[in-house]
Amino acid sequence: MIFGGNHRCNSSRRSWPFLVSVVTLLATFPYAASAQLFGERPPPVPPASIPEAPSEPAISLAPSSGPASTPNLPAPLTQVPAAAVPLTAPPSIAAPAQGVLSLTARYGKDLPVINSGLIWRVYSERPDETGAFKLVRENHDATPSLVLPPGGYVVHVSLGLVSAARPVTLKPDTDRELFVLPAGGLQIEGRVGASMIPPNQISFSIYKGSQFEGTERAPLVPNVAGGDVMLLPEGTYYIVSTYGDANSVVRSDISVQAGKLTDVTISHRAALITLKLVSDKGGEALANTAWSVLTPGGDVIKELIGAFPSVILAEGEYRVIAKNEGKVFERGFEVFNGVDGEIEVLAH
């Protein structure tokens, strides 16, 4: 073929006979060349004439020494250097100064720090329009550090029934406040004979002062369950202990010391008594029986209804009256300390 082989295109070696041969070959086979290049089908015709692009002078990119031959290119975009742009910082808003209120409580001046059970409350210094002091903060930690705006406050701390309050003026620094709460613990249990009384059968009421002061007063803490620990201000108290719900009542004076747990055991001299109305000794109890337990002098201690009512009575002598179907029966009996028993009343 004409274009095959190792022919190298070198203009210095071309000859005119070779060019004449190529022209003669293309003239001899025009259709063959057309079919080989484009195929037998005519080229597609677009639906409409494609407008020609407007003719404008071409831009010459060739280098030239004259100024007229410089291409007319658009001017480059310019950007101010970042260093030249002034940075405007937003106005700084200074946070208001804060104060720190560090709080601690002790059982006494030379006694240990209280490490649990404290309730701290911080109130506004002045009451609102209703006369109430607004609660600003509450905390149950032992030694809290509270961040607050400077100003006046009232700090209140409580431990059980012991409390203290103090006005505080807080400045933009740390204010350390130490409170003294002379509190002591009191735990009470009951005993009858050699046995501990179950907590659900005994209750305690605590009064301020001594039972021998002779003044009437309301209980400081009513109905304390057996085994509970009460936190009280240091001082003297008396306890009214009730075993059951009849007449087994004991009064005791006690002393509570700051920073110490006072463990009190109150002994009752009583017993649990069950009542029965029977037709014969050891027989079946009669139902629908009304009972009255009286002192030997006739004072009513307890009234009950049922076939097997039980009552806790202090040791001593008693009379019991049983009423059944319009008939009345009675009997005297005695209660011994720690000796539970059954009292039968014969219905004849």
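What you see is a predicted model, and the numbers here were worked out from it, not measured in a lab.
One distance of note links CG of L277 with NZ of K323; it measures 13.0 Å at 0.5 Å rounding. Atom-to-atom distance recorded for L101:CG and T174:OG1 is 9.5 Å, nearest 0.5 angstrom. Rounding to the nearest 0.5 Å places CD of E213 at 9.5 Å from NZ of K208. Expressed to the nearest 0.5 Å, how far CG of L161 lies from CG of L231 amounts to 7.5 Å. The distance from atom OH of Y243 to atom OG of S267, rounded to the nearest 0.5 Å, is 12.0 Å. Annotation: the span from I202 atom CD1 to R191 atom CZ amounts to 11.0 Å, rounded to 0.5 Å.
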Next on the checklist: Working note: V221 + M230, criterion side-chain contact (heavy atoms from CB on, under 4.5 Å); need CA distance, chi angles, decisive distance, verdict.
Outcome noted: CA-CA 9 Å; V221 187; M230 300 299 300; 3.5 Å; yes
Checklist entry - Could you go step by step and tell me if E344 and K281 meet the salt bridge (Lys or Arg N to Asp or Glu O under 4.0 Å) rule? => result CA-CA 7 Å; E344 288 187 345; K281 189 174 182 178; over 6 Å; no
Next on the checklist: Applying side-chain contact (heavy atoms from CB on, under 4.5 Å) to S279 and L286, what does each step give before you reach the verdict?
Outcome noted: CA-CA 8 Å; S279 299; L286 301 179; 4.0 Å; yes
Item to check | Evaluation steps, side-chain contact (heavy atoms from CB on, under 4.5 Å), between E177 and S102 | outcome: CA-CA 6 Å; E177 298 289 336; S102 180; over 6 Å; no
Next on the checklist: Applying side-chain contact (heavy atoms from CB on, under 4.5 Å) to L275 and F308, what does each step give before you reach the verdict?
Outcome noted: CA-CA 6 Å; L275 303 174; F308 298 96; over 6 Å; no
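Closest heavy-atom contact between L148 and R137: CD2-NH2, 3.2 Å. Nearest heavy atoms, L159 versus A183: CD2-CB, 3.9 Å. Listed here is the closest heavy atom pair of I312 and A270: CG2-CB, 4.2 Å. Closest approach of A142 and S116 over heavy atoms only: CB-N, 4.4 Å. Between A105 and L118, the closest heavy-atom pair is CB-CD1, 3.9 Å. What you find for V335 and A271 is that their closest heavy atoms are CG1-CB, 3.7 Å.
A search for ring pair (Phe, Tyr, Trp, His ring centres under 6.0 Å) contacts involving Y107 returns nothing, not counting sequence neighbours. Qualifying ring pair (Phe, Tyr, Trp, His ring centres under 6.0 Å) partners for F179, counting only residues two or more places apart in sequence or in other chains: W120. Y318 is linked by a ring pair (Phe, Tyr, Trp, His ring centres under 6.0 Å) to F333, counting only residues two or more places apart in sequence or in another chain.
Remark: the backbone N or O of L146 is not paired with any side-chain donor or acceptor of N139 at under 3.5 angstrom. Although no hydrogens or angles enter the test, the distance criterion places no donor-acceptor pair under 3.5 Å between the side chain of E315 and the main chain of R269. At distances below 3.5 Å, not a single donor-acceptor pair connects side-chain atoms of D141 with backbone N or O atoms of T143. A donor-acceptor pair under 3.5 Å is formed between the side chain of D128 and the backbone N or O of G131.
Heavy atoms from other residues, nucleotides or ligands lying under 6.0 Å from CZ of R251 number 12 at most. For I305, the CD1 atom counts as loosely surrounded, since its 6.0 Å shell holds 12 or fewer non-hydrogen atoms of other residues, nucleotides or ligands. Counting heavy atoms of neighbouring residues, nucleotides and ligands inside a 6.0 Å radius, atom CZ of R217 exceeds 12 of them. The neighbour count for N288 CG, taken as heavy atoms of other residues, nucleotides or ligands under 6.0 Å away, does not exceed 12.
In this structure, D175 and V100 have side chains that are not in contact, with every pair of non-hydrogen atoms separated by 4.5 Å or more. Using a 4.5 Å heavy-atom cutoff, the side chains of L313 and I301 are in contact. Side-chain contact check for R331 versus R319: every heavy-atom pair is 4.5 Å or farther apart. Between K171 and P150, the closest side-chain pair of non-hydrogen atoms is not below 4.5 Å. Here the side chains of T262 and V264 are in contact, with some heavy-atom distance below 4.5 Å. For the pair P149/Q98, a side-chain contact is recorded, criterion being any heavy-atom separation below 4.5 Å from C-beta on. In this structure the side chain of I321 reaches within 4.5 angstrom of the side chain of L294, judged on heavy atoms. Within the 4.5 Å cutoff, the side chain of L103 has no heavy atoms near those of the V157 side chain.
Partner of Y123 under the side chain to side chain contact (heavy atoms under 4.5 Å, CB included) criterion, out of V136, L135, V155: L135 alone.
By the criterion of side-chain heavy atoms lying less than 4.5 angstrom apart, applied directly or through intervening Ile, Leu, Val, Met, Phe, Trp or Tyr residues, L232 is grouped together with F204 in one hydrophobic cluster. Hydrophobic clustering places I206 together with I254 (ILVMFWY residues linked when any side-chain heavy atoms are closer than 4.5 Å, directly or through intermediates). Under a hydrophobic clustering in which Ile, Leu, Val, Met, Phe, Trp and Tyr are joined whenever their side-chain heavy atoms come within less than 4.5 Å, directly or via other members, V278 and W291 fall into different clusters. Side-chain heavy atoms closer than 4.5 Å link hydrophobic residues (I, L, V, M, F, W, Y) into clusters, and following such links, even through other members, never connects L186 to V162. Under the 4.5 Å side-chain heavy-atom criterion for ILVMFWY residues, a single connected hydrophobic cluster contains both Y237 and I266.
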